[in-house]
Amino acid sequence: MAGNGNHTTSLNTYLKVYGALLVLTVLTVWIAQFHFGALNTVIAMFIATIKVLVVMYWFMHLNHDTTLNKVVIGSAFFFVFVFFGFIAIDVFSRHNFSTTELSKPQPVQQQTTEEAPKAE
Amino acid sequence: MLHMFAFAQSYMPIQGSTFAKGVDSLFDFTIWASIISFVILIGGLVIFVVKYQRRSDNDKTAYITHNVFLEFLWSFIPLCIFMGIFVWGYVLYKDMRQFPDNAIEVNVMGYQWGWTMTYSNGKQSGNELVVPVGKPVVLTMTSKDVIHSFYVPSFRIKQDAVPGKRSKLWFQSDRLGDYEMFCTEYCGTAHSKMIGKVRVVTQAEFNEFLAKDKSKMTLAELGQEAFNVKGCVACHSVDGTVKVGPSFKGLWGSTVNHSDGTTAVFDENYARTSILNPQEKFVAGFANVIMPTYQGQVSEEEITHLIEYIKSLK
Amino acid sequence: MGHAHVEGSNYLNHEKGLWSWLTTLDHKRIGILYFISVMFFFLIGGLFALLIRLELMEPGQQYISADFYNQVMTLHGSIMVFMVIIPGIPAFLGNFFLPIMIGAKDVAFPKLNLLSWYCLICGAGIAVSALFAGGIDTGWTFYTPYSIKTSTAVIVFVLGAFVMGFSSILTGLNFIATTHKLRAPGMTMNRMPLFVWALYSTAIIQVLATPVLAITLLLLVAERALGIGFFDASLGGDPVLFQHFFWFYSHPAVYIMILPALGVISELIAAFSRKTIFGYTAIAYSSVAIAAVSFFVWGHHMFVSGQSELAGAIFSGITMLVGVPTAIKLFNWVATMYKGSIRLDSPMLYAIGFMFLFTIGGVTGVMLATMAIDVHLHDTYFVVAHFHYVMVGGTLMAIMGGIYYWFPKMFGYMYSETLARLSWVFIFMGFNITFFPQFILGTQGMPRRYHDYIPEYAWLNKVSTFGSWFIFAGFVIGLISIILAFRKKEKAPMNPWGAKTLEWTIQSPPIHDNFEKIPTVNGGPYEYR
Amino acid sequence: MSTARIDEQGNKVYMQYTDASQQDATGKHGVWLFLVTEVMMFSGLFVAYAIFKSIYPEIFYEGHKFLDWRMGALNTVVLLSSSLTMALSIYYVQKGKNAVAMGHLAFTLLCGAAFMVIKYFEYTHKIHEGLTPGHFFTYANGETANLALYFGIYYCMTGLHGIHVLTGMALIAWVMYRLKKGEFSPTQYTAVEGVGLFWHLVDLIWIYLFPLLYLVS
């Protein structure tokens, strides 16, 4: 038939994917309350990337799509990474993280109570 | 003609700093590498154009599509030459970023449209950097408003003065004399007027310059120093030429006519108001020139010094 | 397939009236619309260039004040970059010939193609309206914090550039979709003409890099309007971050400007040497390689702007890599001419002029990529000479060569050969007189964007101004040669140069649907046996 | 104008395409290329976020306390469900059940509206507290010096994302209008799929935005 990608994803695959996304969202929120320092952002990004890949693969039908479209969207994310990477090489190698005179805050080290994630 | 390109010194500014020799020899190498590759490429082109002129419209031409060895040659050799130039360039650049410890510290403040140098003992000089010969000098630079760039062609050094950031630059000059100094980062109306001098003097003269405390200077001399340090020099000239604002030559006691038709005699009070509140009256022809107010930046003594200095400019 | 084709009808007389032009979806007509608008903007930008050179003839202030000079310098830069040289070859010659060269009836999305032209015109309109709202004096790079503090109409001009950015994105998007999906049967990727390869690589850059300019300009507007403090040091931001954002787009943008020109030159060298191109795959893939590596090198604009030494070394090293594919192309062209049968018609003259000037532009680029030399030469007239050698000596020579090469096909008339060659002589000679002295001025330390200079530089600046009059004369002669061609209406044969690519197999000017029947391709684009 | 013809399966095929499947594949390829430009545009904001968060971690730590993570989580669920119903609407158009597809599209539109309403409350709450962007920032007792920078990033990111949600909603309304006119059939629904891809992208961006802005630690 002339429809593009003439195989359709079944209904319950969609529902299973939706369920997985909700679970991952709860996981993101739950994991945010623990203290891993800078690692927190890395974990949050990792889970978010999994969710993004899930949405792209099933909801956006990349599973039945030509490799061309996969390469296209893959190159976008690659160049975002290049964009950040090279700026990070510059900024992190000339920025002394000890003293930033513009935002001299008194360090926020009050005792970290185990409140709801909102406090983190 | 060959001499023209033979060696960089023939057209580059005089080698004023220790970096200059290294940079010039690298520049010579790239110039000669370029000339040779240019001659090979364009020479080959000209030979083929002359040799293979079209005789008739249905000439048979050879069907050559590629030659892997040749193609490897003219990609690998340029790569090696480029990488060699890169490494050499990086090595020289590294020296420019290795700040010696026993150097003379000078703070440079760029502002719209001038430079103020502050030496270690608090002495200031405007648009003029005085340094002793043979000693390393480290400039710690920043800017009051927009990005400026401190550039001394003879020393082959340049560094941006970025607001909100301290940027450093060092050089050592082994040659007495005055060298041109420019601002190379576009910064507005008088970007091309932000020109100054770097004076390389003997150690004795340098000490005397530093020690020249204010007490023995006449009021007019103090006025001249304030004229430079406070930045008046950026827009007002002392030799009659119009820069951004009117010139100070022969101004004292003259009647000034304003853009709104009124006139006034240039005396002490007129000078004071035009320094502290320049927007009040505009000299004819300068109605759209915005002179920033110096309220709170110029003390009363400095105003008297400036007045004496203007008086001295017959 | 399509309506019956009436004898003597072509895309020009297919429909009549201004409205049919303003709402056309035919890629050929949209190419002509771009041709007229780009040439118009080029005339304005050129006049500003003459004004700059006139002012710089002697030291001191002759004709225009410093503020006015800063505005003229900014307008010359912005008009030439955003309105002439970025849309120049892709949107004019590319729009016209890409579909024909790959055997398609039109680009993939004709409506987007027309929208792209309207984006350019509306963007240019907004940008020009900035003139009446106080002008703009930030230089075409809009560096902060100056572009935040200045009182000129930066927001209006930046929004104009933002809208023009979409014109480039839509053209790029169209070309990638067309090249991938609408090729004629038998036209594999390795049988596409090299001009199509060049446009394809340019389209990749246009799609990937231009959106970053869009966000940078939006942030600049937000910075000026709301003071969000990203790029303003006093609010915690970092002016060098703006330079990173700006150059992430702008260095790939200079490859948007040069890659199509490299494509045109490959066509001209092959056609006028009547010889199959040497190293087809090398040239094709070096276009894509340049497009890819161009995203890793932007930091070589910022060696002295406060960038760290490590980042500078990485950027300088990778910039050297970009030089290699460019050198490969030049050597392959010269190898193509070996044992060819060369005819020095005006397009070929422009191609040879291109190679002469682009080589000088290229080697001076390598010098500027070297860190130690760039410290001395950054923001001096050496840089001005370098990018004019690459842009005027490169892209504009290729545009003139492309116009003369495809003029018989586009309009069906021959142009006068002598006038075209005369315009080449003037442009080539005038160009070298104008810009070679600027190399020397640069080594002597004359800074860029100076309204006035110290007397030591006076003599070379005077010579440079003489040269600029010859360039102007050259382009005027070129314009006359085209106007005369329309007046004389001397009928052009279907294939005046004996070239082998697809556009020479159809009538000139082509019919509305390009081909009566889509051809099946069974050979390469340069089969000169 | 470019003429289109109706081919044997009743699909409208434009002149430059040989058949409907080439037309649909090119259409989808074009939408993916457009999504690349969207990703590159948002990359500017994400890079600015990453750089400023690494330079001023304490500003972001203090800034995120003003954000209610529950509203953010709710918005994430709203957008995820709208993505589901969007995908289902395509599923039903493929099955030819246009009425059900119309219902799903309407639900997606509803979710978009809900998202904007929640954002509206968040914005008004902040502006009321004086946390307005840039030099309108009147919140006095911020511990860190440049709290306005965090809110500069917050407003830029969520603002630009909000504009894209509104554009997505307008596109869905346009597709619903065409669906009602019966332009789509199981063999031709590229427009629905294109708008679906755009809507999923808008959801993707929020998936990244939510942890970065709301769950800082």
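Atoms considered below: every heavy atom in the structure, side chains included; atoms not considered: hydrogens, waters and symmetry mates.
- Looking at C:K275, both its backbone and its side chain come within 4.5 Å of chain B, counting heavy atoms on both sides.
- Counting heavy-atom pairs under 4.5 Å between each of C:W333, C:Y528, C:F356, C:Y69 and chain B puts C:F356 at the top.
- Using a 30° and 60° split on the angle between ring planes, B:Y151 and C:H376 fall in the tilted class, from 30° to 60°.
- Ranked by heavy-atom pairs shorter than 4.5 Å toward chain B, the options C:I328, C:V363, C:N70 are led by C:N70.
- With a threshold of 4.5 angstrom between heavy atoms, C:R448 approaches chain B through N, CA, C or O but not through any side-chain atom.
- By number of non-hydrogen pairs under 4.5 angstrom with chain B, the leading residue of C:T370, C:I352, C:V324 is C:V324.
- In this structure, a donor-acceptor pair under 3.5 Å is absent between the side chains of C:S305 and B:D160.
- Heavy atoms closer than 4.5 Å to chain B are found nowhere in C:T336, neither backbone nor side chain.
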Side chains of residues 70-85 of chain B: which donor-acceptor partners sit under 3.5 Å, not counting sequence neighbours?
residue, atom, partner, partner atom, Å
B:E71, OE2, B:N67, N, 3.3
B:S75, OG, B:E71, O, 2.5
B:S75, OG, B:F72, O, 3.3

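- Under 3.5 Å, the side chains of B:E185 and C:Y143 contain no donor-acceptor pair of N or O atoms.
- B:Y186 and C:Y146 have perpendicular rings, their planes meeting at more than 60° on a 0 to 90° scale where under 30° would count as parallel.
- Between chain B and the options C:G498, C:G340, C:G306, the largest number of non-hydrogen pairs under 4.5 Å is found for C:G340.
- Summarising the geometry, atom CE belonging to C:M337 is positioned 11.0 Å from atom OH belonging to B:Y52; distances are rounded to the nearest 0.5 Å.
- Residue C:Q71: no heavy atom, backbone or side chain, is found under 4.5 Å from chain B.
- Closest non-hydrogen pair, C:A233 versus B:P163, comes out as CB-O, 3.1 Å.
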Given the rule in the salt bridge (Lys or Arg N to Asp or Glu O under 4.0 Å) test, do C:D374 and B:K158 qualify, once you have shown the distances and angles that lead to the verdict? CA-CA 9 Å; C:D374 188 63; B:K158 180 187 288 130; over 6 Å; no
Please walk me through it: do C:M355 and B:L45 pass side-chain contact (heavy atoms from CB on, under 4.5 Å)? CA-CA 9 Å; C:M355 289 178 65; B:L45 178 129; 3.3 Å; yes
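- Residue contact with chain B, scored on non-hydrogen atoms closer than 4.5 Å, involves the backbone of C:T138 exclusively.
- Between B:E180 and C:I454 the shortest side-chain heavy-atom distance falls below 4.5 Å.
- If you measure heavy-atom distances from B:K168 to chain C, you find no contacts under 4.5 Å at all.
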Applying side-chain contact (heavy atoms from CB on, under 4.5 Å), run through C:K339 and B:T61 and close with a yes or a no. CA-CA 6 Å; C:K339 280 212 171 77; B:T61 54; over 6 Å; no
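- Heavy-atom pairs under 4.5 Å with chain C were tallied for B:L26, B:V23, B:L92; the largest tally goes to B:L26.
- Two rings, from B:H66 and C:Y280, have their centers 6.0 Å or more apart.
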side-chain contact (heavy atoms from CB on, under 4.5 Å) evaluation trace for B:T184 with C:H378: CA-CA 8 Å; B:T184 44; C:H378 178 68; 5.8 Å; no
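- Your options are B:S167, B:S154, B:A161, B:A62, and the one with the most heavy-atom pairs under 4.5 Å with chain C is B:A62.
- Comparing B:Q112, B:Q53, B:M96 by how many heavy-atom pairs each has under 4.5 Å with chain C, the most go to B:Q53.
- Interface remark: C:M73 contributes side-chain atoms only to the contact with chain B (heavy atom separation under 4.5 Å).
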Begin with the C-alpha distance, continue with both residues' side-chain angles, and end with the deciding distance and a verdict on side-chain contact (heavy atoms from CB on, under 4.5 Å) for B:V146 and C:K149. CA-CA 8 Å; B:V146 291; C:K149 290 188 163 39; 4.0 Å; yes
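- The nearest pair of heavy atoms linking B:G44 to C:V334 is C-CG1, 4.2 Å.
- Annotation: C:Y338, atom OH; neighbour count of heavy atoms from other residues, nucleotides and ligands within 6.0 Å does not exceed 12.
- Among B:K60, B:R54, B:R55, the single residue meeting the side-chain hydrogen bond (donor to acceptor under 3.5 Å, both in side chains) criterion with C:S341 is B:R54.
- Atom CZ of C:F242 is separated from atom CD1 of B:I147 by 9.5 Å, given to the nearest 0.5 angstrom.
- Between the OH atom of B:Y11 and the CD1 atom of C:I440 there is a distance of 8.5 Å, given to the nearest 0.5 Å.
- Rounding to the nearest 0.5 Å places CG of C:L330 at 5.5 Å from CG of B:L41.
- Contact tally against chain B (heavy-atom pairs below 4.5 Å) for C:T281, C:T141, C:I373, C:D238: the top residue is C:I373.
- Within a 6.0 Å sphere centred on CZ of B:R97, heavy atoms belonging to other residues, nucleotides or ligands number more than 12.
- Considering all non-hydrogen atoms of both residues, C:E309 and B:Y93 come closest at CG-CE2, 3.9 Å.
- Both the backbone and the side chain of B:V49 come within less than 4.5 Å of a heavy atom of chain C.
- Heavy-atom distances place the side chain of B:I42, and not its backbone, under 4.5 Å from chain C.
- In this structure, the portion of C:F382 lying under 4.5 Å from any heavy atom of chain B is its side chain and not its backbone.
- Taking chain B as the reference chain and counting heavy-atom pairs below 4.5 Å, the highest number among C:P145, C:G312, C:G362 is found for C:P145.
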Report the C-alpha separation of B:S192 and C:D452 in whole Å, then their side-chain angles, then the decisive distance to 0.1 Å, and conclude whether the side-chain hydrogen bond (donor to acceptor under 3.5 Å, both in side chains) test is met. CA-CA 6 Å; B:S192 48; C:D452 188 10; 6.0 Å; no
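- Atom CD1 in B:I31 sits 8.0 Å away from atom OG1 in C:T443 (nearest 0.5 Å).
- Using a 4.5 Å cut-off between heavy atoms, C:T144 contacts chain B through its backbone alone, with no side-chain atom that close.
- Residues that satisfy the side-chain hydrogen bond (donor to acceptor under 3.5 Å, both in side chains) test with C:Y453, not counting sequence neighbours, are absent from this structure.
- The distance from atom CZ of C:F278 to atom OG1 of B:T65, rounded to the nearest 0.5 Å, is 7.5 Å.
- Neither the backbone nor the side chain of C:T150 comes within less than 4.5 Å of any heavy atom of chain B.
- Here the side chains of B:K165 and C:V240 are in contact, with some heavy-atom distance below 4.5 Å.
- Within a 6.0 Å sphere centred on CZ of B:F38, heavy atoms belonging to other residues, nucleotides or ligands number more than 12.
- Contacts of B:S143 with chain C are absent, with no heavy-atom separation under 4.5 Å from either backbone or side chain.
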